[in-house]
Amino acid sequence: QVQLVESGGGLVQPGGSLRLSCAASGRTFSDYTMGWFRQAPGKERELVAAIKWNGANTNYADSVKGRFTISRDNAKNTVYLQMNSLKPEDTAVYYCAAKYYTNSAGTYPYWGQGTQVTVSS
């Protein structure tokens with residue numbers, strides 16, 4: 001019921017920046033908590049950042065805190081992940097995900113197809 005499409009990935013040198021975008025459609029975007037996940041080859045998928053429906057509350061993985069910023073524009077049905085000071089260990093496929101805002105502890109049922117981020121010199 002919620003379709004998500006990520007974009008903005010690519011190849012960047014260490015210390016560089018990228019901004020990922022996730023365009024949502026199908027439901028009322030402002031009713032959903034949005035998250036960014038990533039998965040490196042051979043590793044478990046991990047939560048990178050999440051943002052509540054109104055943007056008032058965000059949380060980040062310790063590994064990206066201070067470097068990444070999640071934001072959303074409900075008028076554009078879009079969530080962003082600004083990625084600064086990128087490191088090689090940030091290399092992964094990044095996924096956008098959504099869950100209804102009342103689902104505080106539950107898993108994310110809606111996922112995009114992912115966008116590749118590669119950090120290498």
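All values below come from the heavy atoms of this structure, side chains included, with hydrogens, waters and symmetry mates left out.
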Quiz item: What are the two closest non-hydrogen atoms of Gly8 and Leu18, and how far apart are they?
Solution: O-CD2, 3.8 Å
Practice problem: Could you pull out the closest heavy-atom pair between Ala40 and Thr91, with the gap in Å? | Solution: CB-O, 3.7 Å
Exercise. May I ask you to check whether Tyr101 and Tyr32 place their ring centres under 6.0 Å from each other?
Key: no
Roughly how far, to the nearest 0.5 Å, is [atom2] of [Y] from [atom1] of [X]?
{"X": "Ile70", "Y": "Gln82", "atom1": "CD1", "atom2": "CD", "value": "12.0 Å"}
{"X": "Ser7", "Y": "Arg19", "atom1": "OG", "atom2": "CZ", "value": "9.0 Å"}
{"X": "Met34", "Y": "Asn77", "atom1": "CE", "atom2": "CG", "value": "9.5 Å"}
{"X": "Leu47", "Y": "Trp36", "atom1": "CG", "atom2": "CH2", "value": "12.0 Å"}
{"X": "Cys22", "Y": "Phe29", "atom1": "SG", "atom2": "CZ", "value": "7.0 Å"}
{"X": "Trp111", "Y": "Lys99", "atom1": "CH2", "atom2": "NZ", "value": "10.0 Å"}

In terms of hydrophobic clustering (I, L, V, M, F, W, Y; side-chain heavy atoms under 4.5 Å; direct or indirect links), are [X] and [Y] co-clustered?
{"X": "Val48", "Y": "Tyr108", "value": "no"}
{"X": "Phe37", "Y": "Tyr80", "value": "no"}
{"X": "Phe68", "Y": "Val93", "value": "no"}

Side chains of [X] and [Y] in contact at under 4.5 Å (non-hydrogen atoms):
{"X": "Tyr100", "Y": "Thr28", "result": "no"}
{"X": "Tyr95", "Y": "Leu4", "result": "no"}
{"X": "Ser63", "Y": "Arg38", "result": "yes"}
{"X": "Glu6", "Y": "Tyr94", "result": "no"}

Quiz prompt | Worked check of side-chain contact (heavy atoms from CB on, under 4.5 Å) between Tyr60 and Thr69 | solution = CA-CA 8 Å; Tyr60 298 90; Thr69 302; 3.8 Å; yes
Quiz prompt | Presence of salt bridge, Lys87 and Asp90, under 4.0 angstrom | solution = no
Quiz item: Taking atom CD of Glu89 as the centre, does the number of heavy atoms from other residues, nucleotides or ligands within less than 6.0 Å exceed 12?
Solution: yes
Exercise. Check whether any side-chain N or O of Arg72 sits under 3.5 Å from a backbone N or O of Thr33 as a donor-acceptor pair, and report yes or no.
Key: no
